[in-house]
Amino acid sequence: MAKHIYIVCVLLVGIFYLTSCSTSKSVVSRGADISKYSYVVFGGEITGDRELDDIGLLVQNEIAATNLKVVSASEGISKIALGEYVLTPNINVTTEKWDGGRTYIVITFYDYDTNQIVAVLKSSGIGLIISQDQSLALNGIRKKLNKIFKKSGSSLKQSEHEVFI
């Protein structure tokens, strides 16, 4: 009897592991030196399912936790006038509420001065419940943010997870 319970537990853990996963990817524009950006301006950039604005705010908090300094829109313009580089993100969060569910987080970083796309970070999570989907997607986006923006003074290098366009 104990052997059967052990086998069932192992199978359940295996199924849980197989059904819970996240994927993430980052794309940096060719020729963009992400390390020159020191500031970020937040605004009305959260799009997607309005029920997920809380996840959008968590993503903003993750961006603020990087080495980018959060400044207001007017401070951003002043920084640009001084020759500094400023980013502004567009955060899109969506969740599939059927077909097994999945949460997608996409952050598109724009140069605040030129409005050109500098980088795109994507993450998705699929778990047994929606809150687990969201947690997995948020963890994936956190890892990408840390990889790109916690590189003090060094340029982002291409690896198997970054695609340069």
Side-chain angles (χ1 to χ4, degrees), residues 22-98 101-127 129-159 161-165:
S22 70
T23 60
S24 60
K25 178 180 180 180
S26 60
V27 179
V28 177
S29 180
R30 180 176 300 280
D33 182 4
I34 204 80
S35 67
K36 69 183 178 182
Y37 291 91
S38 302
Y39 303 95
V40 64
V41 172
F42 291 123
E45 69 276 346
I46 299 174
T47 60
D49 189 344
R50 300 315 308 175
E51 292 178 10
L52 299 173
D53 281 350
D54 57 332
I55 303 300
L57 288 176
L58 289 172
V59 172
Q60 278 187 346
N61 290 342
E62 292 299 329
I63 294 168
T66 66
N67 65 358
L68 295 172
K69 184 175 189 266
V70 178
V71 296
S72 68
S74 61
E75 287 176 305
I77 293 169
S78 298
K79 296 294 183 188
I80 291 168
L82 295 171
E84 299 284 344
Y85 292 92
V86 182
L87 289 172
T88 187
N90 180 300
I91 302 164
N92 184 287
V93 182
T94 55
T95 291
E96 296 173 349
K97 297 175 183 150
W98 50 87
R102 179 173 277 205
T103 297
Y104 300 93
I105 300 173
V106 179
I107 308 171
T108 305
F109 285 98
Y110 295 89
D111 183 288
Y112 194 60
D113 184 33
T114 65
N115 206 33
Q116 296 294 312
I117 295 175
V118 176
V120 178
L121 283 68
K122 295 180 178 184
S123 180
S124 67
I126 185 166
I129 57 176
I130 290 175
S131 63
Q132 186 182 25
D133 299 346
Q134 294 168 351
S135 179
L136 290 166
L138 189 61
N139 285 337
I141 212 75
R142 178 183 301 121
K143 288 176 185 176
K144 286 297 172 189
L145 284 166
N146 287 336
K147 184 171 182 107
I148 289 178
F149 292 111
K150 290 210 174 168
K151 299 260 188 202
S152 36
S154 66
S155 301
L156 182 67
K157 299 206 176 5
Q158 186 173 2
S159 74
H161 300 290
E162 284 87 31
V163 178
F164 292 85
I165 57 173

> Could you go step by step and tell me if Val106 and Val120 meet the side chain to side chain contact (heavy atoms under 4.5 Å, CB included) rule?
Replying inline: CA-CA 7 Å; Val106 179; Val120 178; 4.0 Å; yes
> If you look at every heavy atom in Val40 and Pro89, which pair is closest and at what distance?
Replying inline: CG2-CD, 3.7 Å
> About how many Å separate NZ of Lys69 and CD of Glu84, when rounded to the nearest 0.5 Å?
Replying inline: 10.5 Å
> With a cut-off of 6.0 Å (strictly less than), are more than 12 heavy atoms of other residues, nucleotides or ligands near OH of Tyr85?
Replying inline: no
>> Could you report the tightest heavy-atom contact between Ser123 and Gly140, atom names first, then the distance?
In response: OG-CA, 3.5 Å
> Between atom CG of Leu68 and atom CG of Leu87, what is the distance when rounded to the nearest 0.5 Å?
Replying inline: 6.0 Å
> Quick one: side-chain hydrogen bond (donor to acceptor under 3.5 Å, both in side chains) partners of Tyr37, sequence neighbours excluded?
Replying inline: Asp111
> Short question: side chain of Ser78, backbone of Ser74 - any donor-acceptor pair under 3.5 Å?
Replying inline: yes
> Are the side chain of Thr88 and the backbone of Val41 linked by a donor-acceptor contact shorter than 3.5 Å?
Replying inline: yes
> What's the verdict on side chain to side chain contact (heavy atoms under 4.5 Å, CB included) for Ile63 and Ile91, showing C-alpha distance, side-chain angles and the deciding distance?
Replying inline: CA-CA 11 Å; Ile63 294 168; Ile91 302 164; 4.1 Å; yes
> Counting distance only, does the side-chain N/O of Ser124 pair as donor-acceptor with the main-chain N or O of Tyr104 below 3.5 Å?
Replying inline: no
>> To the closest 0.5 Å, what do you measure between CG (Leu52) and CG (Leu58)?
In response: 11.0 Å
> Is Asp113 close to Val86 at the side-chain level, that is, under 4.5 Å between some pair of heavy atoms?
Replying inline: no
> Hey, what do you get for CG (Leu121) to NZ (Lys144), rounding to the nearest 0.5 Å?
Replying inline: 7.5 Å
> Roughly how far apart are Thr66 OG1 and Lys147 NZ, rounded to 0.5 Å?
Replying inline: 15.5 Å
>> Using every non-hydrogen atom in the two residues, find where Ile34 and Ala119 come nearest and quote the distance to one decimal.
In response: CD1-CB, 4.2 Å
> To the nearest 0.5 Å, how far apart are OG in Ser35 and CG in Asn67?
Replying inline: 9.5 Å
>> I'd like to know whether Ile148 forms a side chain to side chain contact (heavy atoms under 4.5 Å, CB included) with Phe109, so could you lay out the CA-CA distance, the side-chain angles of the two residues, the decisive distance to 0.1 Å, and finally the verdict.
In response: CA-CA 12 Å; Ile148 289 178; Phe109 285 98; over 6 Å; no
>> Using the side-chain hydrogen bond (donor to acceptor under 3.5 Å, both in side chains) criterion, which residues pair with Gln60? Sequence neighbours excluded.
In response: Glu45
> Looking only at heavy atoms, which two atoms of Asp133 and Arg102 are closest? And how far apart?
Replying inline: OD2-N, 3.6 Å
>> Using every non-hydrogen atom in the two residues, find where Ala137 and Gly125 come nearest and quote the distance to one decimal.
In response: CB-N, 3.7 Å
> Does the side chain of Tyr112 come within less than 4.5 Å of Ile77's, by heavy atoms?
Replying inline: yes
> So do the side chains of Leu136 and Ile126 get within less than 4.5 Å of each other, counting heavy atoms only?
Replying inline: no
